[in-house]
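Step one of this worksheet: look at the structure below.
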Amino acid sequence: MKVTTTLSSAAALSLVAGLSLSLSPAVAADAAADGDINISEIAYTLETDFIEIAADPGTDISGWTFGSVTRGGSVQAQENTVTVPEGTTVSDSGAVAIDVPITNSVKAGSAADGEYGSSAFVIDENGELIDFQQIGGVVDGKGVTGTKNVYTPAPVIGQEAEPTGATAAGGQSIQLTGDAWKSAAPTPNALPGDDDGGNGGDDGDTPEGVTPIADVQGTGDVSPVQGKTVTTRGVVTAAYPEGGLNGYYIQTPGTGGADAADDTASDGIFVYSPDTVADISIDAHVEVTGTVSEHYGQTQISVSASGLKTVDEPAEAVKPVEDAFPAGDEKRESLEGMLLQPSESLTVADNYNTNTYGEVVLATGEGTLDQPTDVHRPGTPEAKALEAENLDREVVLDDGATVNFLKADKDIPLPYLSKEDPVRVGAQANFTSSVVLGFDHEKWRFQPTTRLTGDNAEAVQPTSFTDTRTDAPEAVGGQVSLASFNVLNYFTTTGDQLDGCQYYDDREGNHITVRGGCDARGAANAESLKRQETKIVTAINKLDASVVSLMEIENSAAFGKDRDDALATLVKHLNEAAGTQKWDFVESPDSVPADEDVIRTALIYQPAEVAPQNESTILDDQDAFSNAREPLSQAFAPKDDSDEVEKDKTFVTISNHFKSKGSGSGPGNEDSGDGQGASNADRVKQAEALVDFAGDQQEAADSELVYLLGDFNSYTQEDPMQVFYEAGYKDIAAEKTDESTYVYGSRTGSLDHVLALDASDAGDGATAFGSVTGADVWNINSVESLALEYSRFNYNIADLFAPDQFRASDHDPVVVGLFDETDEGGDDDSGADGSDESNDDADGTDSADGSSDHPGGKKAGKNGNHWGNRDGDHPGGKNAGKNGHHNGW
């Protein structure tokens, strides 16, 4: 039952910030002082923080904003504000508490002069600041002043909080009793000082006898008896004495099974009870008495040591609901807290947080969750509808714990992950035992019936996953092949060779990768570099393409070495692993840009299959590429079976790595919210410059066969890609496969592309796209768990490193075949399997405009609004941004 999700925090902030005050702050403050409505309790030392207000019973607080600022006066993150859902009113107790995280950064005494102290605020639905109270400080002294930032609501900015002069002891809250604030045992949803000790008002407010669980849950988002003390009975279906949940689920005896399909209220509920969870066992029949509340959207009963009784009379067994997991919050609400046995397979949509929080994101229905701007133009109704559908399809497979494995329990093997049984995006999850449906942090969750770890997986893990790995890409045909490969900041200059480097460390304090402080971006030392090289070398040798475009390889000139030093080292290791001189690299041209990034693009090739033609060229356009990696061009000609160079088939390759989505400055580079992220205007400018550069290289090589490869940091239907389509290029993988190269925020799409010129003025000659014999996206990286990366070695007691190709990087390679040796020029309509797929959408329907020539092919006509740093070592909570040592896309 979702107290916090009528609007997202971001949407709530936008709403509040856009309103003007109809009452002055002084009038609002006077109203609070008169006791009409005021903050009555602030809890910040508990597992669940809350802000309580005192108001007349029945007061409607729908749409109100509860939040806290840091000691500097600004709202630290979206999660530090909550918008109250429709239909929320103050109970008969005259108080209502809203869960909202509060930073534990307070200061008391003379030093608290307005620069220190977390503070709580309440804003009504009209944008009026109702109350603003500072934790600590000096009574009648200077309070914290609201400071502007992206998350601070406008009514708070410039307003001064009233210092309470009180700070809470551990496990207590501060409460306004009379006209003074004091520290005492928390009394959520009851006015401080009430004789009932905070259990929901006088005895007349407490339901008599035993209240059925369904009556506690009710049929709405919020329990109809929230804030009251109830007694109810149920069978224990799941218990979590370890891992942080500190409670258990109970369900009304005899409920579940097929009969649950017609129920409108749930027969299950979570009991939060650190005092009793160790004393109960699954299948026990119990009676509990405690206070009803909403914890991050889930209804729970908080039970003390004296609130648990064992019921002697036998209980009819609970039956799991065996059916497809329903769509929509209303039906899911009717199952909250109940035992389920999902009957259909679900699809793994994300495994990024599996090594951090033990979570796997699943998708109901068919397939993964498409990035909306990969299949639809940004900002369109179609893109918005797809994202709404994605949100409805999501459900989290959890581990029965709240542990952050990057900070705690590092000696407990991670759940779900192992070398033998990978959990890959796109795999099917089949339920082999029952789970309980919970809700937390704005997501529906399947919880195992007790905490799951790598040690007890055989007995506890409720799912099995299909293994979708392949040892090599699909055959793409052709005389030669092209591929792109992101080598994930491959730096042979390791951190220990430089001064000032800061590191990500394993659980024993050993440096693994560089996190900042110096120009290196990769491995911390030779041992870590060896692990990285092993995976990259294995992957590229198995990829086995004739020409490979590399991104994120060290620009060795930045370290006073030959520009190609790291590139030459990688090629040496590739040849050593191949046992022959299989590979060579395209040397840097004499003329290179004066100001380059520390990472670069590069090209490697197999001399037995192709021969370079002319010299390589770098696009030196400081206006377009001042914040990105400059494109590198090289023409090649294939070799026939007698090792003769076929110059009439000369083709041009250009390796690319556009500006990332994570940051931007200047007109058009702000994140507009349409799903394209920051720096979209710069990427459009880079695409336009690349088209001109490609035309020059086409003319220099006297060839219509032009291929643009690499990481364009643009999904298939975004603005930069439209530049290419309008210039006559086609996206080969989008036209000829149903696969994607990247996973971010549980959304699947392609940032990496191989584009082929399909100019209409080519006459009877072969076009670049017409020469394509097949294509494949080899899903070895983006779909694998981050825990398998070399950069996560020894973060957990479970050793998940393997010297194979899986999770060698975070982007998947695209491989393309060229030149059908039996029918030169290829078949313009044939995909990798020879079927006509170029006009299909990713879901098998016609492209968005129904036309056969719609730019982008079958993906035409896949939004993600989560572009932050992906810093896997600094999660900052379940909804934190994410980086995996990858420096910003």
Side-chain angles (χ1 to χ4, degrees), residues 1 210-221 223-224 230-240 245 247-273 277 280-288 292 297-301 303 310-311 313-346 362 364 395-398 400 429-440 444-452 459-463:
M1 295 184 179
V210 175
T211 302
I213 292 174
D215 291 347
V216 177
Q217 283 279 15
T219 58
D221 287 350
S223 169
V230 300
T231 297
T232 193
R233 289 183 175 184
V235 175
V236 177
T237 57
Y240 312 98
L245 287 180
Y248 42 96
Y249 285 94
I250 61 174
Q251 186 169 329
T252 302
T255 59
D259 295 338
D262 298 325
D263 292 344
T264 57
S266 171
D267 290 300
I269 197 166
F270 183 70
V271 178
Y272 175 71
S273 184
V277 65
I280 57 90
S281 58
I282 292 176
D283 294 330
H285 189 195
V286 297
E287 178 180 290
V288 296
V292 180
Q298 177 175 253
T299 303
Q300 67 177 27
I301 302 175
V303 172
T310 300
V311 180
E313 61 190 73
E316 183 181 351
V318 169
K319 299 176 286 294
V321 177
E322 297 185 16
D323 204 349
F325 185 58
D329 286 341
E330 183 176 358
K331 185 56 183 175
R332 293 175 184 181
E333 287 281 0
S334 72
L335 298 173
E336 182 188 89
M338 294 182 66
L339 204 61
L340 309 181
Q341 177 79 40
S343 58
E344 88 280 30
S345 295
L346 281 78
L362 303 178
T364 62
V395 59
V396 176
L397 176 63
D398 217 330
N430 300 294
F431 284 82
T432 55
S433 60
S434 300
V435 292
V436 175
L437 179 61
F439 188 91
D440 192 16
W444 292 101
R445 296 171 184 272
F446 294 141
Q447 296 286 7
T449 55
T450 192
R451 183 187 180 183
L452 170 69
V460 175
Q461 183 168 314
T463 52

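Between the side chain of Gln447 and the main chain of Gly400, a donor-acceptor pair closer than 3.5 Å is present. Panel note: side chain Arg445, backbone Asp440; a donor-acceptor pair is recorded below 3.5 Å. No side-chain donor-acceptor contact under 3.5 Å links Gln341 to the backbone of Val321. Here the side chain of Thr211 pairs no donor or acceptor atom with the backbone of Thr232 at under 3.5 angstrom. Of the possible donor and acceptor atoms, one in the side chain of Gln217 sits under 3.5 Å from a partner among the backbone N and O of Gly268. Between the side chain of Ser273 and the main chain of Val303, a donor-acceptor pair closer than 3.5 Å is present. Between the side chain of Thr450 and the backbone N or O of Ala239 there is at least one donor-acceptor pair closer than 3.5 Å.
Annotation: side-chain hydrogen bond (donor to acceptor under 3.5 Å, both in side chains) contacts of Tyr272 (sequence neighbours excluded): Glu47. Listed by chain and residue number, Lys331, Arg332, Leu335 satisfy the side-chain contact (heavy atoms from CB on, under 4.5 Å) test with Pro326 (two or more places apart in sequence, or in another chain). Residues satisfying the side-chain contact (heavy atoms from CB on, under 4.5 Å) test with Val395, not counting sequence neighbours, are Phe325, Leu346, Leu362, Trp444, Phe446. Residues forming a ring-ring contact (aromatic ring centres under 6.0 Å, His included) with Tyr249 (at least two apart in sequence, or on another chain): Phe270. In terms of the salt bridge (Lys or Arg N to Asp or Glu O under 4.0 Å) criterion, residue partners of Arg233 (sequence neighbours excluded) are, by chain and number, Glu287, Glu313. Ser345 pairs by the side-chain hydrogen bond (donor to acceptor under 3.5 Å, both in side chains) definition with Asn430, not counting sequence neighbours. In this structure, the side-chain contact (heavy atoms from CB on, under 4.5 Å) partners of Ala324, at least two apart in sequence or on a different chain, are Ser343, Glu344. In this structure Glu322 satisfies the side-chain hydrogen bond (donor to acceptor under 3.5 Å, both in side chains) test with no other residue, sequence neighbours excluded. Residues satisfying the side-chain hydrogen bond (donor to acceptor under 3.5 Å, both in side chains) criterion with Gln251, sequence neighbours excluded, are Thr255.
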Next on the checklist: Let's go through Leu397 and Thr463 carefully: what are the C-alpha distance in whole Å and the side-chain angles of both, what is the deciding distance for side chain to side chain contact (heavy atoms under 4.5 Å, CB included) to 0.1 Å, and is it a yes or a no?
Outcome noted: CA-CA 9 Å; Leu397 176 63; Thr463 52; 3.5 Å; yes
Item to check | Check against side chain to side chain contact (heavy atoms under 4.5 Å, CB included), Thr449 and Val435 | outcome: CA-CA 6 Å; Thr449 55; Val435 292; over 6 Å; no
Checklist entry - Should Ser266 and Glu336 be marked as a side-chain hydrogen bond (donor to acceptor under 3.5 Å, both in side chains) after you check the CA-CA gap, both sets of side-chain angles, and the distance that decides it? => result CA-CA 6 Å; Ser266 171; Glu336 182 188 89; over 6 Å; no
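The shortest distance between side-chain heavy atoms of Ser334 and Thr264 does not fall below 4.5 Å. You'll find the side chain of Val271 stays beyond 4.5 Å of the side chain of Gln300, heavy atoms only. Put simply, the side chain of Thr299 reaches to within 4.5 Å of the side chain of Val292, judged on heavy atoms. Considering only heavy atoms from C-beta on, Ser433 comes within 4.5 Å of Pro462 through its side chain. Within the 4.5 Å cutoff, no side-chain heavy atoms of Val311 are placed close to those of Val286. Looking at Ile250 and Ile269, their side chains come closer than 4.5 Å, going by heavy atoms from C-beta outward. Met338 places a side-chain heavy atom less than 4.5 Å from the side chain of Asp267. Residues Val235 and Pro253 form a side-chain contact, since some pair of their non-hydrogen atoms from C-beta on lies under 4.5 Å apart.
Closest of all the heavy-atom pairs between Gly247 and Val277 is O-CG2, 3.4 Å. The shortest non-hydrogen separation linking Ser223 to Val216 is OG-O, 2.5 Å. Annotation for Thr219 and Ala265: closest pair CG2-CB, 4.1 Å, computed over non-hydrogen atoms.
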